[in-house]
Amino acid sequence: MLKLLPLIPLFPLVSSILLMVTLGKMPKRIVAILGAGSVGLAAVTTLLVGLAFMESGQPHHQILWTWIHVGNFSPDIAFYLDGLTLVMMSVITGVGFLIHLFSAEFMEDDASFSRYFAYLNMFVFAMLILVMADNLLLLYLGWEGVGACSYLLIGFWYQDPTNGAAARKAFVVTRIGDAALAVGLFLLFTELGTLDIQPLAEAAKSQWQVGDTLPVIACLLLLGGAVGKSAQLPLHTWLPDAMAGPTPVSALIHAATMVTAGVYLIARTHELFLLAPPAMLAVALVGLITSLMAAFTALNQHDIKRILAYSTISQIGYMFLALGVGAWAAGIFHLVTHAFFKALLFLAAGAVIHCLHHEHNIFKMGGLRTRLPVVFWSFLIGSAALAALPLTSGFFSKDMILLQAYELPKFGPWLWAGGLLGALLTAIYSFRLVFVVFFGETKMEPDKQPGTRMAVPLSLLCVLSLVGGFFALPLVPLESVFPVAGEHHPSHLIEGISIAIPLIGLAIAYFVYLGGQLKVDGLVNSSGGQVLKKFWFSGWAMDWLYDKLWVRPYKFLAYILRRECMDDIYNVIVKFCQFLFMALSRTQTGRLRWYATSMVFGLILVIALLQGVIQ
Amino acid sequence: MLELILFYMASTIALVSTILALTRANATHALIYLILSLLAVAVVFYLIGAPFAAALEVVIYAGAIMVLFIFVIMMLNLGEKGDRREKQLLKPQVWIVPVIFALLLLVELVLVLSKSVPATTQGLVTSKQVGLTLFGPYVLAVEIASMLLLAGLVGAYHLGRRYLEEGREE
Amino acid sequence: MDGVSIPLDHVLLLSALLFICGLLGLMMRRNIIFILVSLEVMLNASAVAFVAAGARWGQADGQIVFMMILAVAAAEVAVGLGLVLQIQRRFKNLDMDDANRMRG
């Protein structure tokens, strides 16, 4: 049963290639069945393989063939199945299948239906390769693959140039991270001689001491790559603009899977990070600061998808925070629950957009509670999980992170407090969204209701968001992978505060947006408030900063060099030859006297030479 | 002693008349000066013991070739206009560069000559000696020279014929 | 007459000077007639050199070469003057600077 492992990425790959080859020629029903069905098959196979794995309890290593063989560098196409891989694969195929099903209805009016599914299947394939790879080079292959598919899918409606620009922005910004990751891989290979993950960890532990500079540098480089792909500070500017793609794409790529690739990378190489405490601190700080920044920004947005995008950035910050304090399992746990409720929220938002003829501004919507009940309940449950209200899946995972953060020796309490502030803001902005869109008077009537293919995934994800955290089920496979954290018993005060904060946030949101008791208009409309609002709205002016810092100088440089300076150097040779030509052709005058004079001159030279040479 | 003085005089006459020949405006005047130069050179030949060469110089060079020149110039009929034009053309910037080159060449040739071993002429070479050598070892040269003259004759005839014909037709 | 020793390099110097005069004339004059005259002067100068060399060794070879030079000069003058006639017909003047079109 475990040998079925290679089939899991194979199904979406075959489907994608088939769809690319027969682009536009197959009827939409067949395309949908092929596209969603392949991922569904992969999900079923994952389940079977997972059961077999849980039975055997041993990590499973399957080599397909040798990829490259150069000197003593020979990475294979090989898969490594352990608890972490299993968890990631389940999320990818499971949530992926639900999103594919949703897309079948969401995109049914689109002309490029098969192209969409081709790209989406290719993405699932690349992501599976990423998590199943047993060496960092194959992981990098998957890494690049998801980056390419992300570009293709963000710019899916390429006829609009803004979509193309958003896709380019995403690609370029993540590319910077990819470059850092590549350099990190080079460093690791040069120092440790291998890129296979398990031997790499062994070699690192034997060769490096805790706190050495080399592991710190390598881990910081890996962090650079993770930061790019997971949209953390400073490479986060691409994610809000990536909302230009279709909503199911945002759900799959920019909520559940691709943006979690960075988290997976750090979790996978946790042995290395354990050797570099400064790097882990950096991870935690990056996570925390990003989380807070994004939360403030989400509070000020009015586009439904952008709120969710900033929310994603913020939640991934939590995952980074978890990884940075050593709570590996908690981080992955949050990854899983986040996949559930964020995918749910995005799909619900997609349903809203789909049924409200592509309206994105939440202040133009209202009172949809009665009009779109399924969507309302989805949103409510999803937001509850996001805000980590008690007993939702999000509650369990976020709680675990915050408590383990508190336990950290030096900065623990500060990190915990920051995380709490983030949780408060999360609650506020998520319920702000719910109250504005679904309560109040109806400003816009939906022109259609979501069909079965939309409702079923939504319902399933609702269930998962609610119960997915119970018994810490996702944690079970991870026990064999990560070092088990010691038992903690935080004081009841800390626990109580952790539980209460989201509820306080919910209350604040209620009073401001629904009940109207808390009037913040005065504060908002004051001059200071307006400045702050604008600042937070633009994502802490990061786009403006990057434009001034990188984009303008680069364009200036390109403008200076537009005349191909290297060509000018070669042109000098050409010009010199031309000059010589013009000069020498002047000697061909056709005049007899001139020729005679030049002959005499030559005679003088020759006699002088002969006299000089032969004495 | 006497021969030496005569030699220097003849050389001077040759040089001066050559220079004069080359700086005249009128072609006929120049040719006359050239004939004078050739005669002086004939004297030099006689003085160094080559009377046959002297005779040939006078008879053939001055007597035939230069006369040919004069005939053709008279046939061309350049006239006064030609003279004035020639005078215009002898401006300073015309002759400065050639003179410099000529001086350089002169310096070089003098240097070459000064390195040679001093030698003197050996005595008379009679016509009989010349005749014996000419039709002895050098008889082939005679044949080739005659062929060359034939070629020259044919060429000159051909080139000149058109001129004469068209001159008559016009 | 018994050739009382005339130093050879003096005669060669005369030859050199005559040659240079001929070169000067070749470089300076534009009229084709004068160019041909200069050529004659140069030929004559080289003839002087040959005869002097023959006299130095007391042999007839120098004079024989002198005769060859004479033959060459004659042929060259004949053909050259024929060309001069053609030039006069074409350009209506004898200025060599006008004949500077290099075609074909």
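Heavy-atom basis, side chains included; hydrogens, waters and symmetry copies ignored. Within every chain, numbering begins at 1; the chains are lettered A, B, ... in the order of the sequence lines, protein sequences first and strands thereafter.
For B:L34, the part lying near chain C is the side chain, with the backbone staying farther off; criterion is any non-hydrogen pair under 4.5 Å. Residue C:L26: no heavy atom, backbone or side chain, is found under 4.5 Å from chain B. Heavy atoms closer than 4.5 Å to chain B are found in both the backbone and the side chain of C:L83. Interface remark: B:A64 contributes no atoms to any contact with chain C (heavy atom separation under 4.5 Å). Only the side chain of B:L31 has a heavy atom closer than 4.5 Å to any heavy atom of chain C. Contacts between B:V110 and chain C at a heavy-atom distance below 4.5 Å involve the side chain alone, from C-beta outward. Proximity to chain C involves both the backbone and the side chain of B:S11, based on heavy atoms less than 4.5 angstrom apart. Within the 4.5 angstrom heavy-atom criterion, only side-chain atoms of B:V44, from C-beta onward, approach chain C. For C:A52, the parts sitting under 4.5 Å from any heavy atom of chain B are the backbone and the side chain alike. Within the 4.5 angstrom heavy-atom criterion, atoms from both the backbone and the side chain of B:L106 approach chain C. Both the backbone and the side chain of B:L148 come within contact range of chain C, each with at least one heavy atom under 4.5 Å from a heavy atom of that chain. Heavy atoms of B:I19 lying under 4.5 Å from chain C belong exclusively to its side chain.
Within 6.0 Å of atom CZ in C:F91, more than 12 heavy atoms from other residues, nucleotides or ligands are found, so the atom counts as buried in its surroundings. Heavy atoms of other residues, nucleotides or ligands lying less than 6.0 angstrom from CZ of B:F7 number more than 12.
Of all the listed residues (B:L109, B:L150, B:L134), the one sharing the greatest number of non-hydrogen pairs under 4.5 Å with chain C is B:L134. Ranked by heavy-atom pairs under 4.5 Å with chain B, the list C:N44, C:L24, C:L12, C:L14 is led by C:N44. Among the candidates B:F52, B:F101, B:F69, the residue making the largest number of heavy-atom pairs closer than 4.5 Å to chain C is B:F69. Most heavy-atom pairs under 4.5 Å with chain C, from the set B:L149, B:L38, B:L103: that is B:L149. Counting heavy-atom pairs under 4.5 Å between each of C:V84, C:L81, C:V37, C:V41 and chain B puts C:L81 at the top. Looking only at heavy-atom pairs under 4.5 Å with chain B, the residue among C:D9, C:L8, C:V79, C:V51 that has the most is C:V51. Heavy-atom pairs under 4.5 Å with chain C were tallied for B:A151, B:S37, B:G152; the largest tally goes to B:G152.
With rounding to the nearest 0.5 angstrom, the CZ atom of B:R24 is 14.5 Å from the CG atom of C:N31. Atom CE in C:M42 sits 4.5 Å away from atom CG in C:L39 (nearest 0.5 Å).
A heavy-atom distance below 4.5 Å is found between the side chains of C:L18 and B:V41. Side-chain contact check for B:L76 versus C:I33: some heavy-atom pair is nearer than 4.5 Å.
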Next item on the list: Show your reasoning for whether side chain to side chain contact (heavy atoms under 4.5 Å, CB included) applies to C:M67 and B:V142.
Entry: CA-CA 9 Å; C:M67 278 196 272; B:V142 175; over 6 Å; no
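Listed for the C:S38 side chain is no donor-acceptor partner under 3.5 Å among the backbone atoms of C:L23.
Each side-chain hydrogen bond (donor to acceptor under 3.5 Å, both in side chains) pair with one or both residues in residues 49-76 of chain C, not counting sequence neighbours, appears once here: B:Y138-C:D61.
Note: C:H10 and B:Y8 have tilted aromatic rings, judged against thresholds of 30 and 60 degrees for the angle between ring planes.
Of all the heavy atoms in C:A60 and B:V130, the pair that sits closest is CB-CA, 3.7 Å. Of all the heavy atoms in C:F66 and B:A53, the pair that sits closest is CE2-O, 3.5 Å.
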